[in-house]
Amino acid sequence: MVFNSNFVSTPSNKLLNINNLRWNHNEKNQTHRNQFAKDRDRILYSKSFLRLRGKTQIFMIPKNDYIRTRLTHTLEVNQLAKSIASALGQNLDLVEAIALGHDVGHTPFGHVGERKLAEIIEEDGQTFSNMKKGFKHNLQALRLFCDLEKGADYPHFNGLNLTKYTLWGIAHHSSIPVKDVNGEQVLKHPVYKGYLNEIKNYWSFEGYIVALADEIAQRHHDIEDGLRYGMISRSDLLGQIETFQQLFHLSERNCLKRLRDEANLLEESVFNSLFSRLVINMYVTDAVKNTKNNLRQFIMNNNITKQEDFQHMKLNLAENEYKDCVALSSKLKSYDKNFHNFLKSSILQSYQAQALDGKAAYIIRKLYKAFVETPSLLPDATIKSYARFLGLQTNQRGEILKDIENARGSMDKDKLCEFYRCIVDYIGGMTDQFAYDEFDRLYGSKF
């Protein structure tokens with residue numbers, strides 16, 4: 001069968017069953033927006049999305065106005081994902097919703113914040129029940145959008161009531177770690193198990209497209225940031241990219257020739273722009289070509305002749321039949337592995353990138369300690385979140401704080417576990433600057 005660019009893994013508006021589609025309750029179709037466009041708009045206007053502008057991507061305190069933040073990274077992922085999805089005929093609204101929401105679960109200070117919160121929870125094992133353990137940014141996004149954010153339906157429902165397709169894509173843009181327990185694969189961050197169980201049947205190629213775009217965007221902006229900070233030289237970078245020459249088309253070969261011939265003459269902005277064009281062109285072109293071939297084979301293997309065929313068989317497909325359809329070619333993957341190791345060693349593990357990791361980890365640990373010891377230091381929203389999760393019949397700050405103190409006095413593990421989890425949610429949602437300010441307020445001179 002010839003590849004049909006209209007074949008997508010998510011049903012069209014005509015075939016979309018709105019029953020059980022959304023997290024909390026069903027919503028009718030609108031004439032001017034489809035269900036996934038609603039998701040995109042809700043994410044775009046959410047507080048979690050707005051906070052991305054103040055969160056670290058790689059470099060904690062950008063001395064350069066052009067260094068990426070989580071927000072600029074998200075916008076780049078969105079653009080790359082839409083370019084790939086458009087070439088493959090996939091659902092652009094769903095791709096955009098997933099891309100805009102994919103990183104909202106990130107903590108302040110980048111991955112060091114994520115690791116430190118997970119470590120604190122693991123260390124405090126006697127307080128956190130086994131089913132409440134874990135912190136992972138892609139899964140924390142589910143908790144934010146399903147429970148912590150306040151949408152238009154509040155107080156009747158919590159969260160933004162997104163579709164399960166969007167939630168699945170956000171959760172799966174990054175790995176979902178599992179561990180072996182008595183020979184079985186068990187979720188490493190069990191606090192998110194309930195969310196994952198609800199969305200497990202809502203996979204999509206659009207979700208995999210965003211995950212791949214995320215990888216491509218990271219290569220691209222790691223290079224630009226590394227050049228601007230002087231962590232990699234132009235000659236080293238050109239030496240690395242020359243290993244990809246077998247995959248180059250005429251435009252990439254011409255671009256590389258100019259970069260090589262004029263390496264010491266081009267202004268920084270021109271060199272960076274040319275190099276970015278070369279890298280993105282190569283990765284995106286390869287991704288589209290290889291994915292088209294994979295999808296064509298997928299259609300033939302499963303004898304799909306129309307969209308309805310696929311929707312009937314989708315739930316019976318094994319994960320290994322579809323998860324690698326959206327992918328780079330094996331050749332590019334082999335080159336990319338060495339290139340990624342080079343960037344990781346030169347940039348991600350550099351002194352400039354990691355110099356403040358220790359300080360960030362210290363700040364997060366001290367914030368957690370202060371809030372655990374003195375709950376009254378927490379804002380109303382966090383205090384009320386504790387009451388809501390436990391179903392307490394009060395919305396008064398004083399009464400809720402009294403309940404927390406009683407739980408501490410009686411060592412009520414269920415209540416304390418919920419309280420500490422709310423603290424983790426609060427710290428995890430902070431921007432870098434807000435975390436600095438809170439630390440200074442609690443331990444410094446600011447009032």
Side-chain angles (χ1 to χ4, degrees), residues 23-24 46-48 51 104-108 113-114 116-137 139-151 153-161 189-195 363-431 434-435 437-439 441-442:
W23 182 256
N24 276 324
S46 69
K47 288 183 177 179
S48 299
R51 286 197 294 266
V104 299
H106 263 293
T107 64
E114 178 181 41
K116 181 52 61 176
L117 284 177
E119 181 183 303
I120 288 170
I121 292 169
E122 196 61 37
E123 289 173 357
D124 207 352
Q126 291 186 338
T127 303
F128 285 92
S129 65
N130 287 334
M131 292 309 297
K132 289 289 185 178
K133 287 184 178 179
F135 190 96
K136 188 78 164 59
H137 78 274
L139 305 181
Q140 182 66 9
L142 301 181
R143 187 166 167 86
L144 279 165
F145 285 144
C146 295
D147 279 317
L148 301 178
E149 275 278 355
K150 295 295 185 287
D153 295 317
Y154 181 79
H156 304 292
F157 296 99
N158 301 310
L160 300 185
N161 197 33
H189 303 283
V191 68
Y192 307 110
K193 184 176 181 180
Y195 301 108
I363 288 174
I364 286 177
R365 185 174 288 281
K366 292 292 282 185
L367 289 176
Y368 180 81
K369 184 175 185 291
F371 296 138
V372 165
E373 292 181 352
T374 313
S376 59
L377 294 172
L378 289 163
D380 287 352
T382 303
I383 295 296
K384 291 178 181 179
S385 181
Y386 162 82
R388 179 164 51 82
F389 277 118
L390 286 174
L392 300 183
Q393 299 301 309
T394 179
N395 205 31
Q396 298 300 312
R397 178 182 173 88
E399 293 179 9
I400 300 170
L401 286 171
K402 186 176 181 180
D403 188 87
I404 293 171
E405 287 304 316
N406 290 339
R408 287 155 63 94
S410 62
M411 291 302 294
D412 187 326
K413 288 191 175 181
D414 289 338
K415 286 190 173 183
L416 287 177
C417 177
E418 203 62 66
F419 170 56
Y420 292 174
R421 190 78 227 181
C422 287
I423 294 175
V424 169
D425 290 334
Y426 177 50
I427 296 174
M430 292 179 178
T431 62
F434 188 80
D437 290 344
E438 279 293 271
F439 177 81
R441 177 176 73 89
L442 299 172

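Remember, predicted model here, so these are calculated numbers, not experimental data.
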* **Arg421/Glu418 ion pair, N-O < 4.0 Å** =>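 Looking at Arg421 and Glu418, the cut-off is not met.
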* **Arg408/Glu405 ion pair, N-O < 4.0 Å** => yes
Of all heavy-atom pairs between [X] and [Y], which one has the smallest distance, and what is that distance?
X: Gln140; Y: Tyr192; result: OE1-OH, 2.8 Å
X: Ala141; Y: Val104; result: CB-CG2, 3.6 Å
X: Ala407; Y: Lys415; result: CB-CB, 3.8 Å
X: Ile120; Y: Arg365; result: CD1-CA, 4.0 Å
X: Ala370; Y: Leu442; result: CB-CD1, 3.8 Å
X: Asn161; Y: Trp23; result: OD1-N, 3.4 Å

Quick one: pull up [atom1] in [X] and [atom2] in [Y] and give me the separation to the nearest 0.5 Å.
X: Leu160; Y: Lys47; atom1: CG; atom2: NZ; result: 11.5 Å
X: Asp380; Y: Ile400; atom1: CG; atom2: CD1; result: 8.5 Å
X: Phe439; Y: Lys366; atom1: CZ; atom2: NZ; result: 6.5 Å
X: Glu438; Y: Leu377; atom1: CD; atom2: CG; result: 8.5 Å
X: Leu416; Y: Ser410; atom1: CG; atom2: OG; result: 7.0 Å
X: Ile383; Y: Arg397; atom1: CD1; atom2: CZ; result: 5.0 Å

* Are the side chain of Asn24 and the backbone N or O of Asn158 linked by a donor-acceptor pair below 3.5 Å? -> yes
* Any donor-acceptor pair under 3.5 Å linking the side chain of Glu373 with the backbone of Phe371? -> no
Do [X] and [Y] have side-chain heavy atoms sitting under 4.5 Å apart?
X: Thr394; Y: Lys402; answer: no
X: Leu390; Y: Phe419; answer: no
X: Tyr386; Y: Asp403; answer: yes
X: Tyr426; Y: Cys422; answer: no

* Asked: Please walk me through it: do Tyr420 and Ile121 pass side chain to side chain contact (heavy atoms under 4.5 Å, CB included)?
  -> CA-CA 9 Å; Tyr420 292 174; Ile121 292 169; over 6 Å; no
* To do: Give me the ring orientation class for His137 and His106: parallel if the planes are under 30° apart, tilted from 30 to 60°, perpendicular past 60°.
  =>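 It falls in the parallel class, under 30°.
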* List for me each residue that meets side-chain hydrogen bond (donor to acceptor under 3.5 Å, both in side chains) alongside Gln396, sequence neighbours excluded, and say none if there are none. =>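 Scan of Gln396 (side-chain hydrogen bond (donor to acceptor under 3.5 Å, both in side chains), adjacent residues dropped) gives none.
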* Asp147: what forms a salt bridge (charged side-chain N to carboxylate O under 4.0 Å, His left out) with it, not counting sequence neighbours? ->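 Asp147 satisfies salt bridge (charged side-chain N to carboxylate O under 4.0 Å, His left out) with no residue once adjacent residues are dropped.
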* Using the side chain to side chain contact (heavy atoms under 4.5 Å, CB included) rule, take Phe389 and Leu148 through it: C-alpha gap first, then chi angles, then the decisive distance, then the call. => CA-CA 10 Å; Phe389 277 118; Leu148 301 178; 3.8 Å; yes
* To do: Please lay out, stage by stage, how Ile427 and Phe135 fare under the test side chain to side chain contact (heavy atoms under 4.5 Å, CB included).
  => CA-CA 12 Å; Ile427 296 174; Phe135 190 96; over 6 Å; no
* To do: Using the side-chain contact (heavy atoms from CB on, under 4.5 Å) rule, pick out the option among Leu367, Asp437, Ile364 that qualifies with Met430.
  =>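 Option passing the side-chain contact (heavy atoms from CB on, under 4.5 Å) with Met430: Leu367.
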